[in-house]
Amino acid sequence: MLDIKYIRQNPEKVKEALENRGATADLDKFLKLDEERRNLLFEVEKLKSQRNQESEEIARKKKMGEPADEQIARMKEVSQKIKEMDERISQTEAELQNLLLTIPNIPDDSVPIGKCDRDNAEVRRWREPTKFDFTPKPHWEIGADLDILDFERAGKITGSRFAVYKGAGARLERALVNFMLDLHTEKHGYKEIFPPFIVNRDSMTGTGQLPKFEEDAFKLYNNTDYFLIPTAEVPVTNLHRNEILPKEALPIYYVAYSGCFRAEAGSAGRDTRGLIRQHQFNKVELVKFTDQESSMEELEKLTADAEEVLKLLELPYRVVVLCTGDLGFSSAKTYDIEVWMPSYNRYVEISSCSNFKDYQARRAKIQYRPEKGAKPMYVHTLNGSGLAVGRTTAAILENYQQADGSVVIPEVLRKYMGGMSKISV
RNA sequence: GGAGAGAUGGCCGAGUAGGUCGAAGGCGGUCGCCUGCUAAGCGACUAUACGGACUAAAAUCCGUAUCGAGGGUUCGAAUCCCUCUCUCUCCGCCA
């Protein structure tokens, strides 16, 4: 969430940011409520001050054995008034808080202004799209032909948008998880976290999934406040919720494997075939906590760390910077890494690397002390997929398919596959 | 699931016949003094949020709130009552 004081002092800037995003939020109402709240606070605090003072007097009088009945009666009235005002204040604050939680982050100045994904700007490209001298198959056909992916039986045991991985397919998925975790922990210096896949409402609110996007999340009904995580970003970022970190602790780099669960409300009919859009998928997630100065630089590094996975797997990709209209709710700047997907005949998002600046940190109260004795400041949080595993499996199947229907295993994965170099029937 | 114990500041730990308690004491930390250096010693300081005054902005000052969370009783609650959460011990069940 944004700093209330910032909104109060720069309403035009916030308005402009909202417009660039194509988002709506009732700023005027917000400002009105904010002023109302301050006026009420000022009044009630005067009363409370009076009550505190006179209560002390009453205590003194009682000790001396003097009568204080009259004063007690008067304070009774004051207390009643305070109670009423406190109620109004907490109502106003709740309204204010609700509004505040629905105002998205302000895009960084370096983010291009645009309406939708067509206005995203390509930043760089690595390798050319894969060329075939035969007609390539989509990965769901490859998976079925090799008997390593089974969407029909997944439909039977659960429903649509689920997959069963079998044999070498299951092994490939697991190999990718291990490969990515090893790369990021051993080479890039991230600390491995294995988080809960279920979180509470505070955590979902802290990273910005709630309250606005509740319909996208799977909710557990035997405990009304538990949710399946849509990404490891949620538990890992919330690791330090309500904490003040020492300056020396920063930057913190975490990498976490997790299952991810998404209701995919509103995407009915999109990417219905294959592994691209599932209710459950695997992801290795990179999360950083940094100070305020270095977060932009850290975003570049984080994106490069994610890109390296694709480079080592030798999968063609490009990097785009999301425009203001396509930017995620909590993000100030996002790079999408898109892998070449032959069945789509275009690049498909496989990682999204974002700098949230202090937006999540303010929601989740994650702070650091710049110097000993100094006032705590909000950290900057960043995260990015490193990578989405299901989509990586799909990309490997499609880009590495051979004319005979087999799939070559990328060199770096072979040691994770028991030396297997090819999947064939 | 059953029975019991507990949750206080960065940490440890006082504080229950309600009344200057934001909270004793200790540790840790910061600054100053002392010292040839180190150790020891002495002194001061040692939370956060919000609102206000002042300010270019800070610093500073004033006020309010915060003793797991929320609600209640009361002129007044860390202290009494209710609800919830979490932790610990024992029993049961279980991968």
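Naming: A, B, ... by sequence-line order, numbering from 1 per chain. Keep in mind it's a predicted model, so treat the numbers as computed, not measured.
The side chain of A:Lys5 lies closest to B:rC50 when the candidates are B:rC50, B:rC75, B:rU64. Taking every side-chain heavy atom of A:Arg51 into account, B:rG76 is the closest of B:rG19, B:rG76, B:rU20. Relative to the side chain of A:Lys48, the nucleotides B:rC86, B:rU20, B:rA65 differ in distance, and B:rA65 lies closest.
Whole-Å rounding puts the A:Glu56 CD to B:rA77 C1' distance at 15 Å. Atom CD in A:Glu45 sits about 9 Å away from atom P in B:rG51, given to the nearest Å. A straight line from NZ of A:Lys83 to C1' of B:rA65 spans 18 Å, rounded to a whole angstrom. As rounded to whole Å, 11 Å separates atom P of B:rU20 from atom CZ of A:Arg60. In this structure, the CG atom of A:Asn242 is 16 Å from the C1' atom of B:rG10, given to the nearest Å. What separates NZ of A:Lys46 from C1' of B:rC50 is a distance of 17 Å, to the nearest Å. Spacing between atom NZ of A:Lys81 and atom C1' of B:rC75 amounts to 16 Å, rounded to whole angstrom units. As rounded to whole Å, 12 Å separates atom P of B:rC50 from atom CG of A:Leu100.
Shown here, B:rG9 forms no base pair; nothing in the strands shown gives a Watson-Crick or G-U wobble contact with both key distances under 3.5 Å. Under the Watson-Crick and G-U wobble criteria, each requiring two contacts below 3.5 Å, nucleotide B:rC45 is paired to B:rG29. With a cut-off of 3.5 Å on both Watson-Crick or G-U wobble distances, the partner of B:rU89 is given as B:rA3. Look at B:rC50: its Watson-Crick or wobble partner, with both distances under 3.5 angstrom, is B:rG63. The partner of B:rU38 cannot be assigned: no Watson-Crick or G-U wobble pair with both contacts below 3.5 Å exists in any strand. The partner of B:rA24 cannot be assigned: no Watson-Crick or G-U wobble pair with both contacts below 3.5 Å exists in any strand. In this structure, B:rU74 forms no base pair with any nucleotide, since neither Watson-Crick nor G-U wobble geometry is met with both distances under 3.5 Å. Across all strands shown, B:rA14 remains unpaired; no Watson-Crick or G-U wobble contact has both distances below 3.5 Å.
Annotation: B:rC62 and B:rA5 have their P atoms spaced 44 Å apart (nearest Å). Rounded to whole Å, the separation between the P atoms of B:rA59 and B:rG1 comes to 50 Å. Comparing the P positions of B:rU60 and B:rC45 gives a spacing of 15 Å, expressed to the nearest Å. Of the P atoms belonging to B:rU87 and B:rC94, the separation is 23 Å, rounded to the nearest Å. Nucleotides B:rG76 and B:rA65 are separated by 12 Å at their P atoms, to the nearest Å. B:rU8 sits 10 Å from B:rG68 when the C1' atoms are compared, rounded to a whole Å. Between B:rG9 and B:rA78, the two C1' atoms lie 12 Å apart (nearest whole Å). Remark: the separation of the P atoms in B:rG22 and B:rC27 is 25 Å, to the nearest Å.
Among the heavy atoms of the strands, none lies under 4.0 Å from A:Arg74. A:Arg37 comes within 4.0 angstrom of sugar-phosphate atoms only, judged by non-hydrogen atoms across all strands, and of no base. Backbone-only contact: A:Arg8 has heavy atoms under 4.0 Å from sugar-phosphate atoms and none from a base. Among the protein residues, A:Lys365 comes within range of no part of the nucleic acid, since none of its heavy atoms lies under 4.0 Å from any strand. Counting any heavy atom pair closer than 4.0 Å across all strands shown, A:Leu41 reaches sugar-phosphate atoms only and no base atom.
Between A:Val44 and A:Lys63, the one whose closest nucleotide on RNA chain B sits nearer the 5' end is A:Lys63. In this structure, A:Arg38 and A:Ile72 both approach RNA chain B, and ranking their closest nucleotides by distance from the 5' end singles out A:Arg38.
A sub-4.0 Å separation between OP1 or OP2 of B:rU64 and a side-chain N or O of A:Asn52 is present.
Ring-plane geometry between A:Phe194 and A:Tyr257 is classed as parallel, the angle between the planes falling under 30 degrees on a 0 to 90 degree scale with a further cut at 60. The aromatic rings of A:Phe289 and A:Tyr254 sit perpendicular, their planes meeting at an angle over 60°, well past the 30° parallel limit.
In this structure, A:Arg273 places its CZ atom where only 12 or fewer heavy-atom neighbours from other residues, nucleotides or ligands lie under 6.0 Å away. Dense packing is recorded around CD of A:Glu293, with more than 12 heavy atoms of other residues, nucleotides or ligands lying under 6.0 Å away.
One N or O on the side chain of A:Asp291 and one on the backbone of A:Ser294 form a donor-acceptor pair closer than 3.5 Å. At least one donor-acceptor pair closer than 3.5 Å links the side chain of A:Thr102 to the backbone N or O of A:Leu99.
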>> A:Lys283 vs A:Thr231, test: side chain to side chain donor-acceptor pair (under 3.5 Å). Steps then yes/no.
In response: CA-CA 7 Å; A:Lys283 187 153 59 73; A:Thr231 159; 2.8 Å; yes
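Checking each of A:Tyr253, A:Tyr190, A:Phe179 against A:His184 for a ring-ring contact (aromatic ring centres under 6.0 Å, His included) leaves exactly one that passes, namely A:Tyr190.
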